[in-house]
Amino acid sequence: MASTLTFLGAARTVTGSKYLVESGGTRVLVDCGMFQGLKELRLRNWADSPVPPASIDAVVLTHAHLDHVGLLPRLVAQGFKGRIFCTPGTKDLCSLVLPDAGRLQEEEAERANRKGYTKHHPAKPLFTEEQAVSTLIRLQPVGYQRPIPVAGGLEVEFIPTGHLLGAAYVRMRRSDGSSGTVIFGGDLGRYNRPILQDPSDGSATDVLLVESTYGDREHSTEGEDATLAALINQTTDKRGKVIIPAFAIGRVEEVLYAIKKLEEAKKITSLPVYVDSPMALGALKFYQDHVAELDDEVAYRRHGEMSAFCTARFTPVATARESQHVVESPGPAIVIASSGMATGGRVLHHLAHGLPDSRNTVLFVGFQAAGTRGRQLIEGSQEVKIFGQFVPVHARIEKLNGMSAHADASEIVRWLRTFPAPPTTTYLVHGEPPAQAHPRPFMT
Ligand SMILES: [Zn+2]
């Protein structure tokens, strides 16, 4: 049976993952991600779906990062009525990230209207918190490695990729075998990292979509702990703050775990560690709930609620009022707040207050897409615009590559070698053109 695959996002860019499969009159969408970064990309979030949302029979999700799930509430608001299949971990994390994204959209629109820094009158949210909440009832959790029919004779199976709690690659085929197999790689995790298990091996497929975020780079984890310790100690000596913009789910766990290990090894003094994100705190609980899926190192260390991730002076920050108190409080301290690319969220308040102070360090621990404040900062911008105001940058700006949740070039190739046979066609998705075009001499 003829099937078609249409790339609706994450094509020569790292965000907006969205693929449409049409097979025998059935339409299934794999991922429904938000475009982030450059304005020309973000504007695509407002574009109408190329097929009516009501005509899509089911959605399948690889994992709960916003660039893979962030447009689901809009799809539902525009008429999608089917089920959204995902793993239990993805369902849990979606219950945090989608309402939070809706709330941020509403707050940003409200602030833009109040302060008048919008060209739109009035500025509107892409979707609301309420629309996000009403999307959650469509999520249908399915365990790993259990093929399940999703619509019109198409079945999918989720296989862990070690990228995030619940993350999977999706193997899709027709139940009657009348069509080939396609694997949507989702985002590929790392090998030999402490929180999540290694990516599962590949399995037989005709078509493969593989991410290429770091297709041109190797993550150096060597000396990473020493680097982290040094910059925490140097900032502490100046009585400054280490501000870490982090994706509220995934990276926060890894950052906390690294800080905890440095404390235990007495490489740093125990500082107040503020996790200024209700969503990150919620995600920590879900990581604890699903501890059996995590790396053995974390499972063995567990003694009680969240303990694997709790530093000695761990301080959860729940309310906006408490957050403001932390923004204004003196160092030394470590502040972890989202969003990871400084495109929104509470970290913006910490940056607006902290960037002009040379005692502070801003530490990026993940990929910074073109067009984001994070990219501007790591490229050395002397000022960044936050809430419509230019903020001078005097703080030290640093980046740790090793904490990425994405496989590097060698790890992508390592994973590709686990397939029992080369797929007939392999598409590189979820990467910027230089990373995708990079020659790989080690493949020969
Ligand atoms: Zn991801």
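Owing to the predicted nature of the structure, the values given are computational and were not obtained by experimental measurement.
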Give a yes or no on whether Gln145 atom CD has more than 12 heavy-atom contacts from other residues, nucleotides or ligands under 6.0 Å away.
yes
Does a donor on one side chain and an acceptor on the other come within less than 3.5 Å for Asp57 and Thr26?
no
Pair His349-Asp276, side-chain donor/acceptor within less than 3.5 Å
no
Is there a side-chain contact between Val252 and Ser277 in this structure, where contact means two heavy atoms from C-beta onward sitting under 4.5 Å apart?
no
Does Arg44 CZ have over 12 foreign heavy atoms under 6.0 Å away?
yes
Would you say the side chains of Glu130 and Thr128 form a donor-acceptor pair under 3.5 Å?
no
Describe, in one word, how the ring planes of His430 and His406 are oriented to each other, choosing from parallel (under 30°), tilted (30 to 60°) and perpendicular (over 60°).
tilted
Is a donor from one side chain sitting under 3.5 angstrom from an acceptor on the other, for Thr361 and Glu398?
no
Do Ser200 and Tyr169 have side-chain N/O donor and acceptor atoms under 3.5 Å apart?
no
Go through the steps to decide whether His65 and Asp187 satisfy the test side-chain hydrogen bond (donor to acceptor under 3.5 Å, both in side chains), and finish with yes or no.
CA-CA 10 Å; His65 277 146; Asp187 285 357; 4.6 Å; no
Lys/Arg-Asp/Glu bridge criterion (N-O < 4.0 Å) met for Glu108, Arg111
yes
Of all residues at least two apart in sequence or in a different chain, which pass the side-chain hydrogen bond (donor to acceptor under 3.5 Å, both in side chains) check with Thr418?
none
Check: Phe7 and Leu209 side chains under 4.5 Å, non-hydrogen atoms
yes
Within a 6.0 Å radius of atom OH on Tyr144, are there more than 12 heavy atoms belonging to other residues, nucleotides or ligands?
yes
Listed pairs under 3.5 Å, donor-acceptor, residues 150-159 side chains, sequence neighbours left out:
| from | atom 1 | to | atom 2 | distance (Å) |
| --- | --- | --- | --- | --- |
| Glu155 | OE2 | Arg173 | NE | 3.3 |

